[in-house]
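This report concerns only the one structure given below.
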2 protein chains.
Amino acid sequence: MTTAETHGKALSIGEVSERTGLSVHALRFYEREGLLIGPVHRTPGGRRQYTPSNVDWLQICVKLRESGMPLSDLKRFTELVRQGPGNEAERLRLLDDHRQRVDAQIQALEECRSVIAWKVDVYAEHLARGEAGGLWDPTP
Amino acid sequence: MTTAETHGKALSIGEVSERTGLSVHALRFYEREGLLIGPVHRTPGGRRQYTPSNVDWLQICVKLRESGMPLSDLKRFTELVRQGPGNEAERLRLLDDHRQRVDAQIQALEECRSVIAWKVDVYAEHLARGEAGGLWDPTP
DNA sequence: CTACGATCTAGAGCAAGGTCTAGATCAAGT
DNA sequence: ACTTGATCTAGACCTTGCTCTAGATCGTAG
């Protein structure tokens, strides 16, 4: 039951790159940095063979990175997961802290968005009318 | 009327730093990079004297930066404004493109947020019950 | 007048997060 | 067998966006 990852078909690094959006360089880099839970399988010839669960994990990594989690935190999280059961409280703390940061970021972005949208309107309206106001032209 | 900025009180770099949240280093850096519209006034002794309108501009810069606009775009925008009237269409395009990117970013963050929130729930629930499931423990 | 903190310039340094290169090997099509 | 394209490793290199340093100067409070 827990060997679910061993029966899926193996994926090459290029395929994983396509599926995750990470470059092959980044994939190797992540591996070196210890951002994968287990060691990646290799063919007899030495090529990496990713399992579907590797890909699942990487996709979570991508989400966490996209939302601004630094690699150091991601690494810490990976280590916790690698250690296995017993540290769920810390995992929870890590993720929940991050979620709060994401919330704050969304709020900040929304504020920025409204400032920008307002500026856009100013310009659009100005263009529609055709004459320069005191906008942001510091022509004294 | 257009000389509104000349009657406000002048601010030192330290004061501007407090008001904008940018470090004094960053303020000098921004100036070197051409991110200010006009040259900053100086005291006879050579210290910078910012006008309130310098500060207003910097605050817009901060918002644009916070929302992820690269310095290169910000510089371009500054140049357009510096050139004066006649290029409003390009300014509009620049800002509106950025607004769209911000919208996309907010959407992406919200998606991340929900993935993370879900994971947080999984851990929280797990902790509440006390036993390890197959979570993300790749213990085969 | 003397301190002391704030500012000045030029330029070096830094952290993050990859990206790219070189030179070799592997694998698949013809 | 030959060619072509994907992968391999190790390590150098890059970009962005500041940050920090050194050594000098300014300006204000005592």
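Below, chain A is the first sequence line, B the second, and so on; all start at residue 1. Just so it is clear, the values below take in all heavy atoms, side chains as well, and ignore hydrogens, waters and symmetry mates.
- Side-chain contact between B/Glu90 and B/Arg76 is present, with at least one heavy-atom pair separated by less than 4.5 Å.
- Here the side chains of A/Lys75 and A/Leu71 are not in contact, with every heavy-atom distance at 4.5 Å or above.
- Side chains of B/Glu66 and A/Glu111 form no contact here, defined as non-hydrogen atoms less than 4.5 Å apart.
- A straight line from CG of A/Asp73 to C1' of C/dG17 spans 14 Å, rounded to a whole angstrom.
- Atoms CG (B/Leu35) and C1' (D/dC18) sit 12 Å apart, rounded to a whole Å.
- Look at B/Tyr30 and you won't find any side-chain N or O under 4.0 angstrom from OP1 or OP2 of D/dG17.
- With rounding to whole Å, A/Phe29 atom CZ is found 10 Å from C/dT19 atom C1'.
- Within the 4.5 Å cutoff, no side-chain heavy atoms of A/Ile116 are placed close to those of B/Lys63.
- The listed nucleotides are C/dT7, D/dT7, D/dC8; the one nearest the side chain of B/Ser12 is C/dT7.
- One finds no side-chain N or O of A/Arg48 lying less than 4.0 angstrom from the OP1 or OP2 phosphate oxygen of D/dT7.
- Of the candidate nucleotides D/dG17, C/dG17, C/dC8, C/dG17 has the atom lying nearest to any side-chain atom of A/Arg65.
- Between A/Ile13 atom CD1 and C/dT19 atom P the separation is 12 Å, expressed in whole Å.
- Within 4.0 Å (heavy atoms only), A/Arg32 reaches at least one base atom of the nucleic acid.
- Across the protein-nucleic acid pair, A/Lys75 atom NZ and C/dG18 atom C1' stand 15 Å apart, rounded to whole Å.
- Toward the 5' end of DNA chain D, the nearer of the two residues A/Val24 and B/Ser23, judged by each one's closest nucleotide, is A/Val24.
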Across nucleotides 21-28 of chain C, 5' to 3', mark each nucleotide with B, S or - according to how protein heavy atoms within less than 4.0 Å reach it.
B---BBS-

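- By the 4.5 Å heavy-atom criterion applied to side chains, A/Ile60 and A/Asp56 are not counted as neighbours.
- Both A/Phe29 and A/Trp57 are members of a single hydrophobic cluster when ILVMFWY side chains are connected at heavy-atom separations under 4.5 Å.
- Here D/dA6 presents its P atom at 12 Å from CD of A/Glu15, a figure rounded to the nearest Å.
- With pairs defined as Watson-Crick or G-U wobble and both atom distances under 3.5 Å, the stems of at least three pairs that touch DNA chain C come out as C:1-30 with D:1-30.
- The side-chain heavy atoms of B/Val120 and A/His98, taken from C-beta on, include no pair separated by under 4.5 Å.
- When side chains are defined from C-beta on, A/Leu64 does not count as touching A/Asp73, because their heavy atoms never get closer than 4.5 Å.
- Counting to the nearest Å, the C1' atom of C/dT7 and the OH atom of B/Tyr50 are 10 Å from each other.
- Within 4.0 Å of A/Ser72, counting heavy atoms only, lies no atom of the nucleic acid at all.
- Atom CG of A/Leu11 and atom P of D/dT7 are 11 Å apart (whole Å).
- Using cut-offs of 30° and 60° for the angle between ring planes, the B/Tyr123 and A/Phe77 rings count as perpendicular.
- With a 4.5 Å cut-off on side-chain heavy atoms, A/Leu109 and A/Arg113 do not count as touching.
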